[in-house]
Number of protein chains: 2
Amino acid sequence: MTAPLDAGVFDLRCSHRMPIRVGDKWSGLILRCLEDGGRRFGEVKAALRGVAPKVLTETLRAMERDGWVTRTAYDENPPRVEYALTELGRSLLGPLNAACAWAREHLDELPHAQERTPTA
Amino acid sequence: MTAPLDAGVFDLRCSHRMPIRVGDKWSGLILRCLEDGGRRFGEVKAALRGVAPKVLTETLRAMERDGWVTRTAYDENPPRVEYALTELGRSLLGPLNAACAWAREHLDELPHAQERTPTA
DNA sequence: CAGTATCCGGTTTGATACTG
DNA sequence: CAGTATCAAACCGGATACTG
């Protein structure tokens with residue numbers, strides 16, 4: 001099992017707000033959540049502070065449909081479900097890192113960086 | 001003056017629909033419009049077939065505020081306005097190209113590529 | 001725990017017509 | 001030509017409560 005996700009993970013890896021995003025509001029962040037290994041629904045939800053369970057489910061299902069993540073449900077009680085990146089999903093980390101690198105380098109040049117929509 | 005924009009430009013450079021986008025719906029496309037030099041409002045509008053003038057204006061103004069493009073109005077009649085990339089805006093082409101490269105390479109692996117929301 | 005079911009509000013995008 | 005004004009719709013994204 002991988003280390004628990006630090007709640008401040010996104011502040012550490014790359015700036016939270018960026019002018020480039022993957023798909024919808026949460027997909028890029030979820031990619032980051034899963035890059036070190038499979039995570040449970042609750043883990044991802046906790047890392048994405050504030051996301052509604054409905055929205056998280058929708059996003060994860062969309063990513064599953066697109067072949068970026070796998071969903072594995074274990075028949076236990078209480079239930080346990082694990083999400084993990086596919087090879088395809090992992091390949092998205094390349095362009096995502098390029099975007100994060102750009103943000104780290106140029107974010108301070110954006111006059112209105114603080115008001116932009118939240119992204120990955 | 002640069003060559004007129006081919007109406008099919010986006011089909012040639014990289015696939016029109018991508019899982020990564022810049023900012024809002026049109027910003028990435030506009031970046032592509034301007035990468036070969038300044039363009040007039042009407043040129044960009046024609047290349048982005050179907051965009052409402054209101055939306056295009058809003059998007060261009062937002063990009064201007066963020067320091068990605070410059071707007072130059074010539075006091076002529078009929079009026080002429082030119083939009084061009086700044087150095088900062090040009091630097092976005094790096095990550096954008098990384099995203100386009102990803103799309104070219106993996107788009108056929110996306111089960112639902114056709115139904116995704118339009119992006120850059 | 002891992003979701004569904006509802007309801008809801010705001011932002012985003014658009015169609016259309018008009019103007020300096 | 002390069003926009004603005006107005007109106008309308010769609011589309012997220014979210015709050016909250018509930019369930020196997």
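If you're wondering where the values come from, they're calculated on a predicted model, not measured in any experiment.
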Any chance you could measure B:Arg104, atom CZ, to B:Asn97, atom CG, to the nearest 0.5 Å? 7.5 Å
Could you state the CD-P distance from B:Glu43 to D:dA2, rounded to the nearest angstrom? 8 Å
Rounded to the Å, how far apart are B:Ile30 CD1 and C:dT13 C1'? 13 Å
Sequence neighbours excluded, the answer for side chain to side chain contact (heavy atoms under 4.5 Å, CB included) partners of B:Val81 is B:Arg71, B:Ala73, B:Tyr83
May I ask you to say what A:Tyr74 touches in the nucleic acid, namely base, sugar-phosphate or nothing, with a heavy-atom cut-off under 4.0 Å? nothing
Nearest whole Å is fine: how far is D:dA2 C1' from B:Lys45 NZ? 10 Å
Measure the spacing between CD of B:Glu35 and CD1 of B:Ile30 and express it to the nearest 0.5 Å. 13.5 Å
For B:Arg40 and D:dA2, is the shortest distance between a side-chain N/O and OP1 or OP2 below 4.0 Å? yes
Strictly below 4.0 Å: does B:Arg61 bring a side-chain N or O up to OP1 or OP2 of D:dT4? yes
Grab the OH-C1' distance between A:Tyr83 and C:dA2 for me, whole Å please. 8 Å
Just the dot-bracket of DNA chain C, please: which string comes out with Watson-Crick or G-U pairs under 3.5 Å, [ ] for crossing, | for another strand? ||||||||||||||||||||
With sequence neighbours left out, what residues match A:Arg40 under side-chain hydrogen bond (donor to acceptor under 3.5 Å, both in side chains)? none
Could you tell me how far apart B:Glu82 (CD) and D:dC1 (P) are, to the nearest whole angstrom? 15 Å
May I have all residue pairs that pass salt bridge (Lys or Arg N to Asp or Glu O under 4.0 Å) and include part of residues 50-60 of chain A, sequence neighbours excluded? A:Lys54-A:Glu58
Once salt bridge (charged side-chain N to carboxylate O under 4.0 Å, His left out) is applied, do any residues pair with B:Glu105, and if so which ones, sequence neighbours excluded? none
Ignoring the backbone of A:Arg71, work out which of C:dC1, C:dG3, D:dG3 is nearest its side chain. C:dG3
May I have the distance from A:Phe41 (atom CZ) to C:dA2 (atom C1'), rounded to whole angstrom? 6 Å
Quick check: does any side chain N or O of A:Arg39 sit under 3.5 Å from a backbone N or O of A:Ala84, one acting as donor and the other as acceptor? no
B:Arg39 side chain N/O closer than 4.0 Å to the phosphate oxygens (OP1, OP2) of D:dC1? no
Reading nucleotides 13-20 of chain D 5' to 3', which nucleotides get B (base under 4.0 Å from a protein heavy atom), which S (sugar-phosphate only), which -? BBB----B
Checking B:Arg80 now: which residues fulfil salt bridge (charged side-chain N to carboxylate O under 4.0 Å, His left out) with it, not counting sequence neighbours? B:Glu76
Rounded interatomic separation in angstrom, taking CG from A:Asp75 and C1' from C:dC1: 13 Å
Any side-chain hydrogen bond (donor to acceptor under 3.5 Å, both in side chains) involving residues 85-95 of chain A? Give me the pairs, sequence neighbours left out, ordered by first then second residue. A:Ser91-B:Trp102
Rounded to whole Å, how long is the line connecting atom CG of B:Leu56 with atom C1' of C:dA15? 15 Å
